[in-house]
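As structure tokens, the structure follows; a few thoughts come after it.
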Protein chains: 2
Amino acid sequence: MAMGWQEVRDEALRRIRARDWPPGARIPDEAALAGELGCTRVTVNRALRDLAEAGLLERRRRGGTRVPLTPVRRATLSIPIIRQDIAERGQEPGYRLLIDRLEPGSAEARAALGDGPLRHVVALHTAGGAPYCLEDRWLSPAVVEGVDFAEVSANEWLVSHVTYAEARLSFGAMTADAALAEALGCPPGAALLLLDRSTRAETPITWVRLIYAPGHRVDAGL
Amino acid sequence: MAMGWQEVRDEALRRIRARDWPPGARIPDEAALAGELGCTRVTVNRALRDLAEAGLLERRRRGGTRVPLTPVRRATLSIPIIRQDIAERGQEPGYRLLIDRLEPGSAEARAALGDGPLRHVVALHTAGGAPYCLEDRWLSPAVVEGVDFAEVSANEWLVSHVTYAEARLSFGAMTADAALAEALGCPPGAALLLLDRSTRAETPITWVRLIYAPGHRVDAGL
DNA sequence: AAGTGGTCTAGACCACCTT
DNA sequence: AGGTGGTCTAGACCACTTT
């Protein structure tokens, strides 16, 4: 008895796995568990909230806590600065600005940032001299007024200046056309991993497509 | 004054964004903030813990709480059952088992599950009759002893029977060879999005590669 | 050695939602 | 209408780690 919240969480997890609490079932309420396990309701609450955040329980006021019939697990995906990502792989990060001009936005960019001229920044990230990823970015001009992306990548500038914004990510794949093949130093027709991200705080900030060189993988944990 | 934990969190976020608490700086300790904001230390703790879990603060006992110089944001990626995923897109899910036999594992499968014969299950998921994704899975035989995957996909069986396991995800891209092109109903050479996942609880359970039809996207939030 | 976050207790009030 | 989770208070002890 007298369990800490992590012990309570582990015990609850054991009961779920053991089908003591089968899928769809309602589990005892917090007060009952607190009494049974010899701790306060706050401790039980902390433990069950943790499991609910991971998608392993569903909680509702008045409705109680249930084991979901079809749990939707949630994985965490860390979003590092590209140059750090490269450095952690033990390679020398490099960066070259290819395009920086105002343009009418692409369809995706307009959907994320609204209409009107947008700042279009295209840059190549290299690892140990080899192409690593192409950064195709559209920015709300007001946010980056006067910023020069020749030396510092937009990726890096944004992370350190527009911290804590909301982001939406989307993975996809595309075939390398001639221009991409040349930029990334790969054969035309190669399969490329895409990672699109739109970012906004109070107001839309940026939409970016990262196009990785062939063979690249993006990992997520849990 | 008298703020709830979410208000405390929002106020802290505001100070971070406004550079009242610049990157690298140590912020006031919990007791000080509690006094300033008119709540208890527990409430401040809850708020700052929430920000730390999102990667926006770094906390250490005795070392205090700091604003990270280079924050690593974490996104959440939900992992649904494939047939539900299809149903939510408003299409009719279908499933066809292609292969189910014991084999020596592929390199990736052996790395995740260990050596020895593994159960290899290959199946096609369809959406409204059209190929949606190919599921190429390797399983520890003991875990799925006697289970028939002809009617229920391994994806679905595992979610409801091996709940709450650890998983590691990895995204990539590959080119459709002739066999894949036929299975997925796409031209050879098409770029395909891959999602690899290895799952283990106390013991390794499964390694799976999902190969999506061209154009498919996988979304993540925050 | 001492300061900071981590956690627990006991009690309370409230918000929400299901019955 | 009532039960359940959500949250807050006030106080306390502990764990860690930096000074």
Side-chain angles (χ1 to χ4, degrees), chain A residues 1-13 15-16 20-69 71-72 74 76 164, chain B residues 1-16 20-69 71-72 74 76:
Chain A
M1 292 274 197
M3 307 171 80
W5 75 266
Q6 298 185 29
E7 292 169 295
V8 173
R9 180 198 56 192
D10 293 344
E11 171 60 14
L13 186 50
R15 294 184 184 186
I16 293 169
D20 291 345
W21 296 341
R26 180 164 166 181
I27 75 172
D29 66 34
E30 293 184 348
L33 284 172
E36 181 196 344
L37 300 174
C39 58
T40 53
R41 191 166 76 84
V42 176
T43 302
V44 173
N45 179 278
R46 174 83 191 268
L48 298 186
R49 191 197 334 132
D50 194 69
L51 289 173
E53 283 171 2
L56 285 78
L57 288 175
E58 286 173 353
R59 321 197 72 200
R60 277 183 216 168
R61 281 171 153 127
R62 164 72 191 179
T65 300
R66 291 178 174 279
V67 181
L69 282 170
V72 175
R74 287 186 307 190
T76 61
Y164 296 115
Chain B
M1 292 277 197
M3 308 172 80
W5 75 267
Q6 299 185 30
E7 292 169 295
V8 173
R9 180 199 56 193
D10 293 345
E11 171 60 15
L13 187 50
R14 190 193 64 73
R15 295 185 184 184
I16 293 168
D20 292 345
W21 296 340
R26 182 164 165 180
I27 75 172
D29 65 35
E30 293 184 349
L33 285 172
E36 180 196 345
L37 300 174
C39 58
T40 54
R41 192 166 76 83
V42 176
T43 302
V44 173
N45 179 279
R46 174 83 192 267
L48 299 186
R49 190 195 338 131
D50 194 69
L51 290 173
E53 282 170 2
L56 285 79
L57 288 174
E58 285 173 354
R59 320 197 72 200
R60 279 183 213 167
R61 280 169 155 132
R62 164 73 192 184
T65 300
R66 292 178 174 278
V67 181
L69 282 170
V72 175
R74 287 185 307 192
T76 62

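Keep in mind that the numbers below use all heavy atoms, side chains included, and drop hydrogens, waters and symmetry copies. Letters go in sequence order (proteins before strands), and every chain restarts at 1.
Rounding to whole angstrom units, CH2 of residue Trp5(A) and P of dG5(C) are separated by 18 Å. Per the geometry, CZ belonging to Arg49(B) stands 11 Å off P belonging to dC8(D), to the nearest Å. Atom pair Leu57(A):CG and dG5(D):P shows a separation of 11 Å (rounding to whole Å applied). Straight-line distance from the CZ atom of Arg59(A) to the P atom of dT18(C): 15 Å, rounded to whole Å. The interatomic distance linking Leu48(A) (CG) with dT7(D) (C1') rounds to 15 Å, in whole Å. Atom pair Glu30(A):CD and dC16(C):C1' shows a separation of 14 Å (rounding to whole Å applied). The nearest whole Å value for the distance from the CZ atom in Arg9(A) to the C1' atom in dT7(C) is 14 Å. In this structure, Asp50(B) atom CG and dG6(C) atom C1' are separated by 16 Å, rounded to whole Å.
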B/S/- along nucleotides 12-19 of chain D (protein heavy atoms under 4.0 Å) is B--BBBBS
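Contact of the Val67(B) side chain with the Pro22(B) side chain is not registered, since no non-hydrogen atoms from C-beta on lie closer than 4.5 Å. Put simply, the side chain of Val8(B) does not reach to within 4.5 Å of the side chain of Glu11(B), judged on heavy atoms. A heavy-atom distance below 4.5 Å is found between the side chains of Ile16(A) and Leu57(A).
Between Glu30(B) and the choices Arg49(B), Arg46(B), Arg61(B), Arg41(B), the salt bridge (charged side-chain N to carboxylate O under 4.0 Å, His left out) rule is met once, by Arg41(B).
Counting non-hydrogen atoms under 4.0 angstrom, Glu58(A) reaches nothing in the nucleic acid.
Side-chain atoms of Arg66(A) come within 3.5 Å of backbone N or O of Gly24(A) as a donor-acceptor pair.
Nearest heavy-atom pair across Met3(B) and Thr43(B) is O-CG2, 3.9 Å.
Dashed line: the shortest gap from a side-chain N or O of Gln6(B) to OP1 or OP2 of dG6(D) is not under 4.0 Å. Close to dT9(D), at under 4.0 Å from its OP1 or OP2, lies a side-chain N or O of Thr43(B). Within the structure, a side-chain polar atom (N or O) of Arg46(A) is placed less than 4.0 Å from OP1 or OP2 of dT7(C). Considering only side-chain N and O atoms, Asn45(A) lies nowhere under 4.0 angstrom from the phosphate OP1 or OP2 of dG5(D).
For Asp29(B), the side-chain contact (heavy atoms from CB on, under 4.5 Å) criterion is met by Ala31(B), Ala32(B), not counting sequence neighbours.
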